[in-house]
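Notes follow the structure.
Chain naming here is simple, since letters A, B, ... match the order of the sequence lines and numbering starts at 1 in each. Hydrogens, waters and symmetry mates are skipped; everything else that's a heavy atom, side chains included, is used.
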Amino acid sequence: MSKKEELLSKGYEFSGVEQKWLDHWREKGCFSAQMVPGKPAFSIVIPPPNVTGVLHVGHALNNTLQDILTRYHRMCGDNTLWVPGTDHAGIATQNVVERQLATEGKTRDDLGRDAFVERVWEWRGEKGGTITNQLKKMGASCDWDRERFTMDEGLSTAVREVFVRLFKEGLIYKGDYIVNWCPRCHTALADDEVEHEDTKGKLYHIRYPYADGSGHVVVATTRPETMLGDTGVAVHPEDERYQHLGDIGIKLPLTDRIIPVVFDNHVDREFGTGALKVTPSHDRDDYEIGLRHNLDRLKVMDDKGCMNKAAGDYCGLDRFECRKKIVEDLERLGFMEKIEEYDHAVGHCYRCKTVSEPTTSVQWFVSVKPLAEKAVAAVRDERIKIYPKTWYNTFYNWMDNIRDWCISRQIWWGHRIPAWTCEECGELIVESFDPTECTKCGSADIIRETDVLDTWFSSALWPFSTMGWPEKTEELATFYPTSVLITSFDILFFWVARMMMMGLHFMDEVPFKDVYLHALVRDKHGKKMSKSTGNVIDPLVVMEEYGTDAMRFTLTAFAAQGREIKLDEERIEGYRHFINKLWNAARFALMHIADCDESVRDVVAEPDKLPLVHRWILSRTASAIKDVRLALDEYRFNDVASVNYQFIWYEFCAWYLEWIKADLFSEDPLAKKQAQGVLLVVLETILKLIHPITPFVTEEIWSVLPGQRDTLTTSSYPVLQEAWKDDNAVGQMELLMGIITGIRNIRSEADVHPSSRIEAFVICADRQRAEFISQNSLAISDMTRLSGLEVVPQAEKPDDAGTYIYNDIEIFVPLKGLVDIDSELEKLGRERKKVEAKLKQVNGKLSNSKFLNNAPEKIIAGEEEKKKLLDSKMAKILEAEERLKNLG
RNA sequence: AGGCGCGUAGCUCAGUGGGAGAGCGCCACCUUGACGUGGUGGAUGUCGUCGGUUCAAUCCCGUCCGCGCCUACCA
């Protein structure tokens with residue numbers, strides 16, 4: 001079968017088509033970045049998905065939007081680069097491989113560090129390409145030859161360089177501070193890696209006796225097991241109830257320790273009894289209080305969340321078992337005042353959902369304040385713009401309250417911290433080369449850090465590390481700063497803000513000019529998709545069922561700024577119909593243009609010489625080009641989809657194609673050639689316009705259009721043609737379309753069978769317009785299946801005629817015995833009510849001197865024009881009603 | 001507690017300081033030279049509530065009601 005015969009298949013069958021073009025684009029290297037001097041540059045770096053990831057609908061949205069912009073700019077002729085790649089995802093990946101080991105009955109400790117890391121690399125080699133392949137399947141037009149991985153050699157070099165420089169600048173430090181700890185992952189977590197969930201818990205009120213036995217104070221806690229680590233009780237300095245306690249001290253129950261009472265403004269006198277137990281090693285606030293008052297730190301838990309030796313008799317118990325035991329003991333010994341139900345937010349590890357534990361620990365930190373200031377400045381003076389703008393507030397708010405970033409993680413998979421400690425003199429050695437001896441005392445007895453860096457540390461460098469930094473590369477010169485970052489709002493701070501900081505600090509230039517934050521994709525009820533709820537829409541299944549173009553189009557149509565996306569599978573089905581519509585329109589067009597010479601399109605060079613309908617569609621095409629380009633430039637993706645949809649379905653298919661059928665079948669060579677030429681040009685324009693959203697179906701159609709054709713991916717994006725704009729033609733067509741709708745309405749209301757040919761009359765008092773309508777009576781008849789159309793200045797209407805009033809023009813169709821007087825009156829009544837309401841409004845305005853004095857002239861003239869039309873329409877309606885009433 | 005956003009047709013959502021829109025669904029009719037994954041016509045809305053600004057408010061401002069999200073150290 002030849003290509004053209006294939007295209008004539010009745011419905012669009014996407015499965016074979018998609019694979020064909022994926023192969024073609026790859027073989028021809030259509031997505032390779034060009035670096036042609038003098039051309040504008042457009043670049044995007046992909047938000048690198050986790051190497052463990054599987055394509056979900058969020059990825060599908062994110063990458064569809066990026067691909068739209070990339071394809072658009074590539075077609076505009078820019079030097080275009082979309083960098084793909086994956087993230088090594090420290091904790092997530094380590095967890096996956098540990099689970100794999102578990103099935104073999106092994107732990108990572110059985111293997112040891114080196115063998116384990118080796119094992120992760122093996123896993124990555126086998127399974128790490130999954131998400132990348134799925135992105136390719138979506139048609140993502142990344143330059144796949146430039147795929148990067150946050151652990152690959154070049155990026156690791158960049159990470160090392162950044163770490164060393166920041167350390168030497170004093171912006172990285174090591175210290176014993178309180179951090180969030182995941183007892184399951186055995187690692188520290190950054191503040192924003194902890195998810196707070198509202199939880200129904202209990203608030204325990206515990207009696208803490210005074211050391212002198214003269215009484216007790218009640219403290220409240222949700223985590224009674226931490227009391228074993230209490231090293232003080234805090235009260236407000238102005239709280240009269242407790243002034244005397246300063247000298248006495250507290251005897252901590254279940255232990256033999258005496259702990260001091262301290263006075264601190266942080267304490268809320270209104271909460272509970274106004275006394276707060278202080279556990280500096282296991283609570284962030286308490287840690288601060290402890291610092292202020294020099295309280296001891298006592299860790300009572302180990303890395304696994306079990307009680308340690310400092311917990312005395314409770315040593316070895318899991319933290320939650322210990323909680324139970326402590327509560328029992330407190331109750332038994334009479335220390336428990338009461339237990340209340342209590343709702344509060346509990347922190348969970350964002351990776352494994354285990355309840356996290358604040359704990360003191362020796363960690364590495366980045367002083368982010370000086371870096372954050374640069375980022376805020378860049379946003380304030382619009383070197384970086386954020387879309388939608390509602391995020392500015394949130395951004396500033398967060399950046400102004402930012403805390404130092406804990407970057408060390410106690411896991412094995414990741415960039416190992418390039419720091420050595422000298423066992424002899426204690427010197428901390430951080431160099432870009434691997435030292436063999438202490439740089440201070442020369443001892444060879446140096447030991448490397450075991451921690452690795454937070455995964456976000458390497459992804460923060462992504463916009464420049466992927467382009468070869470710290471080398472000065474052509475890529476950096478051409479493509480940095482990148483044009484736009486497209487990502488989900490939930491990683492604004494994990495990632496976006498940190499890229500700003502690092503980019504500005506090391507490149508002295510923003511990493512991207514624009515940030516577009518899209519919504520999370522939810523189910524049709526607005527709920528988060530989750531496997532356990534069972535409401536997940538799997539993009540891979542959708543692509544199989546409806547086609548990739550339909551999925552891409554749906555996501556684009558939903559991507560309105562500032563609103564969450566509630567995805568409904570029925571919508572995808574609806575847009576599949578649209579893809580099919582485009583396919584069939586092309587199929588029809590091809591029947592008439594497949595064999596014609598490409599030179600037919602020359603007819604558009606002089607639009608003035610073309611018949612009305614062609615001037616009209618060219619003008620409408622010009623508008624569509626303008627609207628689509630503007631929407632693309634402003635990241636109004638939903639508008640890009642909607643303009644294309646409306647234009648293609650309603651203007652191109654429903655009106656234009658129907659209208660020109662007569663010409664296409666005509667014997668008149670000029671009429672035929674004009675129809676073929678304009679049809680070809682408009683179809684080509686449509687395919688290009690919508691190609692960034694629906695690359696597969698457009699490429700397939702494009703390839704079978706007449707003439708020698710290269711791929712659409714590197715063809716030219718439509719440019720607004722001023723010469724095509726023709727407001728006059730648009731106005732004239734609107735009149736004809738109004739009349740056609742009127743006649744169709746009469747037929748439908750009177751139940752005239754579509755196949756029966758009837759005669760219609762148009763009453764138009766205006767001679768010029770009457771003449772014009774008359775000239776187009778053939779087209780009107782074709783579109784409404786009339787046997788004839790007569791245009792008259794006035795007429796005696798037959799008694800039983802179906803009527804329709806279009807502004808000051810009346811249409812009637814004699815229908816002997818076919819008119820249902822009652823339903824006709826009902827219809828007129830409805831219409832009259834509408835017109836009456838509008839007239840009332842208009843008359844009200846026009847008789848209001850305030851309106852006449854204040855409203856702009858243009859509006860007043862418009863209202864007057866409106867009144868004129870409504871008046872004459874009203875007259876026609878009343879007349880018709882009168883006639884019908886006389887009949888009945 | 002603070003911040004942000006949302007409330008428009010049965011459902012999912014666009015939209016605008018000056019005549020209320022789309023898709024799906026619904027009703028009626030139709031194998032009309034590409035498409036029944038289609039065509040034509042139709043029905044459906046105090047544009048959440050109450051106020052204010054304005055010549056004019058679905059749109060701007062404020063109140064209230066309902067819903068969602070984010071941030072936060074209240075044990």
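Of all nucleotides present, none satisfies the Watson-Crick or G-U wobble test against U37(B) with each distance under 3.5 Å. Using the Watson-Crick or G-U wobble rule with both distances under 3.5 Å, G68(B) pairs with C4(B). Pair check for A22(B) finds U12(B); Watson-Crick or G-U wobble, both atom distances under 3.5 Å. When both distances must be under 3.5 Å, the Watson-Crick or G-U wobble mate of G51(B) is C61(B).
Side-chain proximity of Asp751(A) to A34(B), G41(B), A28(B): nearest is A28(B). Between C74(B), G38(B), G15(B), one nucleotide has an atom nearer to the side chain of Asn638(A) than all others, and that is G15(B). Listed nucleotides A75(B), C73(B), A34(B) differ in distance to Ala220(A); the shortest reach to its side chain belongs to A75(B). Checked against C55(B), A22(B), A34(B), the side chain of Lys850(A) finds its nearest nucleotide in C55(B). Among the nucleotides C4(B), G39(B), A43(B), the one closest to the side chain of Lys581(A) is G39(B). Proximity note for Glu749(A) (side chain, C-beta onward) versus G38(B), A34(B), G42(B): the nearest is G42(B). Distances were taken from every side-chain heavy atom of Phe851(A) (C-beta onward) to each of A34(B), C55(B), A75(B); the shortest belongs to C55(B). Comparing atom distances between the Pro856(A) side chain and each of G23(B), C55(B), U12(B) picks out C55(B) as nearest. With A75(B), C55(B), U40(B) as the candidates, the nucleotide lying closest to the side chain of Ala855(A) is C55(B). Looking at the side chain of His753(A), the nearest of the listed nucleotides C30(B), A34(B), C55(B) is C30(B).
Distance noted for atom C1' between G68(B) and G10(B): 23 Å (whole Å). If you take atom P in G52(B) and the same atom in C26(B), they sit 44 Å apart, rounded to whole Å. Straight-line distance between the C1' atoms of U46(B) and C4(B): roughly 29 Å, to the nearest whole Å. If you take atom P in C74(B) and the same atom in U63(B), they sit 26 Å apart, rounded to whole Å. One C1' atom belongs to C6(B), the other to C13(B), and the distance between them is 12 Å to the nearest Å. For C64(B) and G51(B), the C1' atoms lie 10 Å apart once the distance is rounded to whole Å. Nucleotides C61(B) and U54(B) have their C1' atoms positioned 12 Å apart, rounded to a whole Å. Distance check on atom C1': U44(B) versus G23(B) gives 16 Å, rounded to whole Å.
Rounded to a whole Å, the CG atom of Leu555(A) is 15 Å from the C1' atom of G23(B). Here the P atom of nucleotide A20(B) and the NZ atom of Lys834(A) are 11 Å apart, to the nearest Å. Remark: C1' of C73(B) and CZ of Arg223(A) are 12 Å apart, rounded to the nearest angstrom. Rounded to whole Å, the distance from NZ on Lys661(A) to C1' on U32(B) is 8 Å. Rounded to an integer number of Å, the gap from CD of Glu570(A) to P of A22(B) is 18 Å.
A cation-pi arrangement is present between Lys661(A) and Phe588(A) under the rule of less than 6.0 angstrom and at most 45 degrees off the ring axis.
Side-chain rings of Tyr575(A) and Tyr645(A) approach one another, their centers coming within less than 6.0 Å.
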For this session: Output, in order, the C-alpha distance, side-chain angles, deciding distance and verdict of side chain to side chain contact (heavy atoms under 4.5 Å, CB included) for Lys277(A) and Tyr208(A).
Result: CA-CA 9 Å; Lys277(A) 66 190 267 311; Tyr208(A) 278 21; 3.5 Å; yes
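Rounding to the nearest 0.5 Å gives a distance of 8.0 Å between OG1 of Thr226(A) and CG of Leu228(A).
At the heavy-atom level, Thr741(A) lies under 4.0 Å from the strands shown only through sugar-phosphate atoms. Here Thr390(A) lies in heavy-atom contact (under 4.0 Å) with sugar-phosphate atoms only. The residue Tyr645(A) sits close only to the backbone: its heavy atoms come under 4.0 Å of sugar-phosphate atoms, none of a base. Counting any heavy atom pair closer than 4.0 Å across all strands shown, Arg403(A) reaches sugar-phosphate atoms only and no base atom. Counting any heavy atom pair closer than 4.0 Å across all strands shown, Ser755(A) reaches no nucleic acid atom. Across all strands shown, Glu573(A) has no heavy atoms under 4.0 Å from either base or sugar-phosphate atoms. Heavy atoms of His266(A) sit under 4.0 angstrom from at least one base atom.
At a cut-off of 3.5 angstrom, counting only N and O atoms as typed in the model, there is a donor on one side and an acceptor on the other between the side-chain of Asn580(A) and the base of U37(B). Interface remark: the Arg571(A) side chain does form a donor-acceptor pair with the U12(B) base, using a distance-only criterion of under 3.5 Å. Checked by distance alone, Glu658(A) brings a side-chain donor or acceptor within 3.5 Å of a matching partner on the base of A34(B).
Taking 4.0 Å as the cut-off between side-chain N and carboxylate O, Arg319(A) and Glu357(A) count as a salt-bridged pair. A salt bridge is defined here as a Lys NZ or Arg NE, NH1 or NH2 lying under 4.0 Å from an Asp or Glu carboxylate O, and Lys672(A) with Glu667(A) fails to meet this definition.
Contact detail for Asp639(A) and Ala631(A): the closest heavy-atom pair is CB-CB, 3.9 Å.
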